Amino acid sequence: MPAGYAKIHPMSKKYLFTSESVSEGHPDKICDQISDAVLDAILTEDQEARIACETFCTTGLIVVGGEITTTAYAPISEIARNKVREIGYHKKSGGGFDADTCAVMVSIDQQSPDISAGVTTAKEARGASSQDPADAVGAGDQGLMFGFACDETEELMPLAITLSHRLMQKLAEVRKNDPEIHYLRPDAKAQVTLEYEDGKATRIETILISTQHDPLCNGESDNDKIQAIIAQDLKAKVVDPVFKNFDLKPDQDTRYFFNPSGRFVTGGPQGDAGLTGRKIIVDTYGGYARHGGGAFSGKDPTKVDRSAAYAARHAAKNIVAGGLATKCEIQVSYAIGVAHPTSVHVETFGTGSLEDHQITELVKQVFDFRPYSIIKNFKLREQPKLHNGRFYQDLAAYGHFGRPELDLPWEKLDKVDELKKLASRAELAQS
């Protein structure tokens, strides 16, 4: 363990940690998905488009705005309505929001020419003789991004956020496909609290699910009876199936909260306004790792808030998979219009096989964090077309990391062997 680590990062023997996820019908997630559906539609036709698309929703209203520079045509109102309908807000579902009757307002301008110039021609390429195309594309903004991985799950994600996402995904599945739970509506949240001992998750302390529902559940109108029906169904059809796939399971002391407020009929945009980019912790690591503050949805890959966060996750995951650490967090930072990051920092929380500064140097050798390289390596401009027009919108609910069902390029373990070789050389040089 590095000198002074225990003083800087005190770790209690036993503690609780909680993460949450929200459903695709949560108002903020509706907005994320609309923004990314617009992104998918435009990048499918115009891979060089510059897009910063924001969405707002409230009772009976969707507003789509931002800056888009493209040669493509995107029927934004239609895209928004289709996404809301797919999520489950339509006339038959109730829920207080209807894809076919809500108003859709669109207010789009072009990207600032000042930003465009800095991205198109990076500082390194202005008046320089560099022939490297990766030096020609600057970061779309200044900022700092984090990537993280740990050995708590097969996907090398923190366990609490993984469980929360799985609960929400299963709830959406049964809502759409199980006729016995026809009373469910799209808005929902899940929260999982784990108990840790000596840095390892040892038990499930609390499971919380709140889900929107019809005024009547199986013909019942009494709130207490409705809550009992929901609790029974959620336990049997959502919680139990999800935990079958995990080694750590609820025990006799695990606490359950199902719709603890009692009644949850008014939800979605009717219950709360939604906004793109307001669920950044849900999108990433559930608070288990730090966050630079930048949202993902609605942004084309030149925006390093998105692309560099994917690249940092890729590096952190390969480090953990390669056995260089059991927990790894990577920070990268950028200046607008500059290709090379202003900093790269690796933190392994005392779990690294080498000192953190040595692993940082390995990361710099193996991974290229320049925006052009990230975009090219992950095919971030081509992905919507490669996935029949829907790639980013499928990331916009249930997390941008982990997600084995989506085969994401930044989740690939393609740098493990190279990292291992370099680490072995560093260890030999050290001995």
Side-chain angles (χ1 to χ4, degrees), residues 17-40 51-57 64-66 139-150 155 157-169 187-192 269 272-317 329-334 347 374 378 380 391-403 406 408 410-411:
F17 184 83
T18 302
S19 291
E20 75 157 356
S21 179
V22 299
S23 72
E24 61 202 60
H26 185 282
D28 292 333
K29 278 288 142 207
I30 294 172
C31 294
D32 284 344
Q33 290 167 93
I34 291 172
S35 292
D36 273 337
V38 172
L39 178 73
D40 276 336
I51 304 157
C53 180
E54 311 292 345
T55 304
F56 166 79
C57 69
V64 183
D141 201 353
Q142 72 174 58
L144 53 135
M145 301 85 213
F146 288 93
F148 182 79
C150 64
E155 300 85 7
M157 285 287 287
L159 181 59
I161 187 64
T162 298
L163 289 169
S164 297
H165 284 323
R166 297 294 180 270
L167 290 170
M168 285 290 90
Q169 287 175 300
D187 195 0
K189 282 186 174 184
Q191 189 169 287
V192 176
D272 286 293
L275 196 64
T276 298
R278 207 158 55 178
K279 285 291 175 283
I280 58 176
I281 301 303
V282 172
D283 285 342
T284 52
Y285 307 102
Y288 200 81
R290 285 173 283 195
H291 197 294
F296 298 155
S297 290
K299 297 178 180 178
D300 74 81
T302 65
K303 279 72 171 176
V304 283
D305 277 338
R306 176 169 224 153
S307 52
Y310 294 166
R313 160 66 178 171
H314 180 233
K317 186 176 182 182
E329 182 182 79
I330 297 178
Q331 185 201 56
V332 291
S333 65
Y334 293 86
E347 169 70 82
I374 297 170
F378 295 155
L380 293 179
F391 177 74
Y392 291 108
Q393 61 193 286
D394 287 342
L395 295 169
Y398 314 121
H400 292 243
F401 308 118
R403 307 302 299 275
L406 297 182
L408 302 173
W410 50 90
E411 294 294 312

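Computed from a predicted structure; not experimentally measured.
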* **Closest heavy-atom pair and its distance - P158, Y285** => CG-O, 4.0 Å
* To do: Using modelled atom types only, decide if a donor and an acceptor are shared between the side chain of S333 and the backbone of L144 within a distance under 3.5 Å.
  => no
* To do: Under the side chain to side chain contact (heavy atoms under 4.5 Å, CB included) rule, what do L395 and L408 come out as? Steps first, then yes or no, please.
  => CA-CA 10 Å; L395 295 169; L408 302 173; 3.6 Å; yes
* Expected output: side-chain H165 to main-chain A397 donor-acceptor under 3.5 Å -> no
* Would you say the side chain of L159 lies within less than 4.5 Å of the side chain of F17, judging by non-hydrogen atoms? -> no
* Asked: With a 4.5 Å limit on heavy-atom distance, are the side chains of T55 and V38 in contact?
  -> no
* Asked: Going from SG on C31 to CG on D36, what distance comes out if it is rounded to the nearest 0.5 angstrom?
  -> 11.5 Å
* Any side-chain heavy atom of M145 sitting closer than 4.5 Å to one from Y334? -> yes
* Using modelled atom types only, decide if a donor and an acceptor are shared between the side chain of S164 and the backbone of S19 within a distance under 3.5 Å. => yes
* Asked: In Å and rounded to the nearest 0.5 Å, what is the CZ to OG1 distance from R403 to T162?
  -> 11.0 Å
* Asked: Pick from F378, F146, F296: which one makes a ring pair (Phe, Tyr, Trp, His ring centres under 6.0 Å) with Y310?
  -> F296
* To do: Give the C-alpha distance, both sets of side-chain angles, the deciding distance and a yes or no for side chain to side chain contact (heavy atoms under 4.5 Å, CB included) between V22 and D28.
  => CA-CA 9 Å; V22 299; D28 292 333; over 6 Å; no
* Taking the side chain as every heavy atom from C-beta outward, state whether R306 and D300 have any pair of such atoms under 4.5 Å apart. => no
* Asked: Distance from L406 atom CG to H400 atom NE2, nearest 0.5 Å?
  -> 10.5 Å
* Asked: Looking only at heavy atoms, what is the nearest atom pair of S35 and C53, with distance?
  -> OG-O, 3.0 Å
* Structure fact -> Correct closest heavy-atom pair for A295 and G277 would be CB-CA, 3.5 Å
* Spatial distance of atom CD (E24) from atom CD (Q33) [nearest 0.5 Å] -> 6.0 Å
* Identify, with sequence neighbours excluded, every residue that meets side-chain hydrogen bond (donor to acceptor under 3.5 Å, both in side chains) alongside K299. => D305
* Please name the pair of heavy atoms, one in P301 and one in S307, separated by the smallest distance, quoted to 0.1 Å. => O-OG, 2.8 Å
* Asked: To the nearest 0.5 Å, how far apart are OG in S21 and OH in Y398?
  -> 7.5 Å
* Non-hydrogen atoms of A52 and K303 that approach each other most closely -> CB-CE, 4.3 Å
* Between F148 and F401, is the gap from one ring center to the other below 6.0 Å? -> no
* To do: May I have the step-by-step check of salt bridge (Lys or Arg N to Asp or Glu O under 4.0 Å) for E411 and R313, ending in yes or no?
  => CA-CA 8 Å; E411 294 294 312; R313 160 66 178 171; 2.8 Å; yes
* Asked: CD1/I34 to CD/E54 distance, rounded to the nearest 0.5 angstrom?
  -> 12.5 Å
* Structure fact -> Smallest heavy-atom separation, A273 atom then F56 atom, equals CB-CE1, 3.8 Å
* Asked: Who passes side-chain hydrogen bond (donor to acceptor under 3.5 Å, both in side chains) against D32, sequence neighbours left out?
  -> K29
